[in-house]
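Below: one structure, written as structure tokens.
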Amino acid sequence: MEETPSVGDAPGAEDDTDLGILYGTLRGSVVGLRYYTGIVNNNEMVALQREPNNPYDKNAVKVNNVNGDQVGHIKKELAAALAGIMDNKLALVEGVVPYGAKNVFTMPVQMSFWGKAANKEAVVDQLKRHGFKLAPPLKGSECGFGSKWISGKAGPSYRAPVHAAVQLTPEQLKSEFDKLFEDLKEDDKTREMEGAEALGTRLLPHQKQALAWMVSQKMRPQDVLGGILADDMGLGKTLTTIALILTNFQDGKPLPVGKTTSERCRQESGTNSTSNVGRGQCEDPGKVMGPGASGIQRFDTTPLETSSCLPKRGQAKKRRYSGQSGERPLRQTGATSCVEEDTGFASVLFPSSACLKRQTKRKVTATTENKRLVDVPRATLIVCPLSVLSNWIDQFDQHIHRDFHVNVYVYYGSDRNKDPSVLAEQDVVLTTYNILATDYGVRGGSPLHRVRWLRIVLDEGHTIRNPSAQQTKAALCLEGHRRWVLTGTPIQNSVKDLWSLISFLKLKPFSDQEWWRRTIERPLVLGAPGALGRLQCLIRSITLRRTKTSKVKGKPVLELPERKVLIQHVTLTEEERQMYESVKKEGKAAVSRFLSEGTVLAHYADVLGVLLRLRQLCCHPRLCIDTASSLAAGNKTPEELRETLVSKMKLVLSSGSDEECAVCLESLACPVITRCAHVFCKPCIFEVIRSEQPKAKCPLCRNELRAEDLVQCPQEEETDSGDGKKSDQEWTPSSKINALMHALIELRRDDPTAKCLVVSQFTAFLSLIENPLKESGFAFTRLDGSMAQKKRAEAVQRFQSSRAGSPTVMLLSLKAGGVGLNLTAASRVFLMDPAWNPAAEEQCFDRCHRLGQSRDVVITKFIVKDSVEENMLRIQNKKRELAAGAFATRKPSANEDTRQLVIR
DNA sequence: ACCGCCGGGTGCC
DNA sequence: ACCGCCGGGTGCC
């Protein structure tokens, strides 16, 4: 009866990939408590950590509490047994102090040994050699949480009797461990805070809430603060962050955080600092103000993003946290002060300067001041994807009150100033993940990593979800007290992805991967009760997320102007129709051949090619003249095969049909093509091959799949080759171009100030459209993926300008730019050709229908009657239905839709 | 540590 | 007494 292990489905054997199985437990003792500050509570977990460089014993094993503070050491005889096991990673040793936590000299520790099934014997042996013997996992109630949690699941694979262990009393369930999560109480997220004086823009209510939340955010541990602002895009995360940065400053004086700095502040600021104390302050008198606090004292205690609280657990009372930072002043460009200028940087991006003249004067005093405050972090580092870099610059420009000046240094480009002290002097340093990562790898150390930042902000923070990616590692190594992650993506997807963020935030103890696994990942994977709740609690406590439909005080977060989508049908001319029909006929013949042969899926790329040409013909005949498609099949040399695959992949990528990888359902990252001509993200398909060993099959067509057959895209540049064509031939209009120009001219007549976006997936088409725009005297600008960052920023800036004579038309490639792209100057959108994925279109529309749009937005979609474009509309509708359905997360890939279309 | 261990002081009953 | 016993000093690894 005791021996009923169902070996067949033993989860332990499978589960040991990462998390391991439980070998057994052992009681030991922690000694030397005298000498360390870390304290533990009964039933609390501790971490065991090897200390090979201990001068007294090379076998030493440290014992740390949840907070990372050392509690003591493992007694030496036991340490001698553990050292080998731990060093060789034969087992993960986890400890729980079952009782005696208040002991002064030694305390017991219940250890659980986890690892691969294969290593169990070695571990048992090694312990035996030192006279220790593992007890079976589930003996009595002293086993600690690790074993309790997994009792239901991993138990059966082991020989221990499950029944006794599963029955946990309610008290046991409500373990000490859960209290750890209870401490992570959710903050009040509805309190509001006004922006500082230096903020030139009024905040919306939900932005005031975000600001208050960020300023007062309490989280453990005390000495690192921050969180995740995960609002939907378009709610103003950037503005809120700017507002946050501006809270550093008050009246041109620093708002200190710590005691020591506050003393200084009182002296420096004198009485005048009381004048606008209320503004830009976090109002939380109960927690924040000391008894009888005066306005100035509020400076002392108002914890800007400072924790006033927390971990009751595992934290030494004796311990005082040091190293709190003060704040540096924003320099007011009044009569008194101005900004020191030109330290020889490539770009100091605030020409908002009425103050350029006074800057030299300031320089002298600034240097001395900087010297004095040399240990006080001042600069905020903002890391973002390249695509939103210029947006940050614009937003700073736009939102800083004109009487104030903030130094923003863009750390980008080959001429970037690599002097850390120069970086540290800035108010804001802007850089990209790529720069961060490449610098980090450089010998001699990255300047960014030599600065102690006041605050680090990761924009589009989900870019660091992969813990082994260089940019993630680089981000984790940055030093700064406050750490913020901005992301528009809800962050529930993968627990693994979350760890990078948590780790970046330095949220102890979870930032330690061992603790993360132990407390979150393993319980979750093993389906421990309450595990998901804990994770949610954790996320809630550090995240602020609102969506576009969220409400503040009963009103929608954003009251955007109306948005209308019109469909404008276009009829082809006789000539165009003829061309269309002949290509269609040819394509149909090929497709029906594939159908009868049953090889549609094998000719996936070819079919897409036909569709692509049809779509191009709907726009302009010129677009598809040299899109050579090789419908001819046949036997080929490996080199020929490779080339065919590459060109097919390019076709797939440029067709705009395949923005999603069928495995991860996200846009293709590092695309590779299979022998069967299906395109996936490289990591995704490798994972498929790895997990389906020995015989992996293509997820789309179930053909054989081998790693060595995969072909990578040579260079992912913009695939359109629009440039060469325009000059050498006379341009001719098309039905669609005529329709567009008609609309544009009508619009100009009705409202000469109205601006519009002309959007296409084909940059060559945009090039063609340039001709009639010039002929009709439109001032226009252009933005596509092939443009360098600087040019893009310029294009956006020119377009957004309200100056007379500024461009009224922007030619925009559908996929250009990231989510941050802000084109609110436009109130009209002309979508020249439909996309497969309605979300791509939506995203494009949102670039003007977003925060900052004051007019109603009208979108016109040009659709050629009786053409592939009408079918695409139908597909889009299907997609929308699916996306709106209950299981919206599992949207079908573009590939699946293509198949529907073909078969139709 | 209300322990163990160490080493000095000491030494019949 | 090259012992036992006593009691003070001391204490992680």
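In the text below, chain A, chain B and the rest are named by the order of the sequence lines, each starting its count at 1.
- With respect to the salt-bridge test (charged N to carboxylate O, under 4.0 angstrom), the residues A/R378 and A/E425 do not qualify.
- Separation of the P atoms belonging to C/dC5 and C/dA1 is 16 Å when rounded to the nearest angstrom.
- Seen from the ring of A/F105, A/R34 does not count as a face-on cation partner, given the 6.0 Å and 45° thresholds.
- Pair check for B/dC13 finds none; no Watson-Crick or G-U wobble contact set falls under 3.5 Å.
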Could you list, one pair per line, each protein nitrogen or oxygen that sits under 3.5 Å from a nitrogen or oxygen of nucleotides 9-13 of chain C, together with the distance?
from: C/dC12; atom 1: OP2; to: A/Y35; atom 2: OH; distance (Å): 2.2
from: C/dC12; atom 1: O2; to: A/H73; atom 2: ND1; distance (Å): 2.7
from: C/dC12; atom 1: N3; to: A/Y36; atom 2: OH; distance (Å): 2.9
from: C/dC13; atom 1: OP1; to: A/K76; atom 2: N; distance (Å): 3.2
from: C/dC13; atom 1: OP2; to: A/K76; atom 2: NZ; distance (Å): 3.4
from: C/dC13; atom 1: O3'; to: A/D57; atom 2: OD2; distance (Å): 2.5
from: C/dC13; atom 1: O2; to: A/N54; atom 2: ND2; distance (Å): 3.0

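- In this structure, A/Y35 has its ring center no closer than 6.0 Å to that of A/H73.
- For the pair A/R522 and A/W516, the cation-pi criterion (under 6.0 Å, within 45° of the ring axis) is not fulfilled.
- For the C1' atom pair drawn from B/dC2 and C/dC13, the interatomic distance equals 25 Å after rounding to whole Å.
- Residues A/W484 and A/W453 keep their aromatic ring centres 6.0 Å or farther apart.
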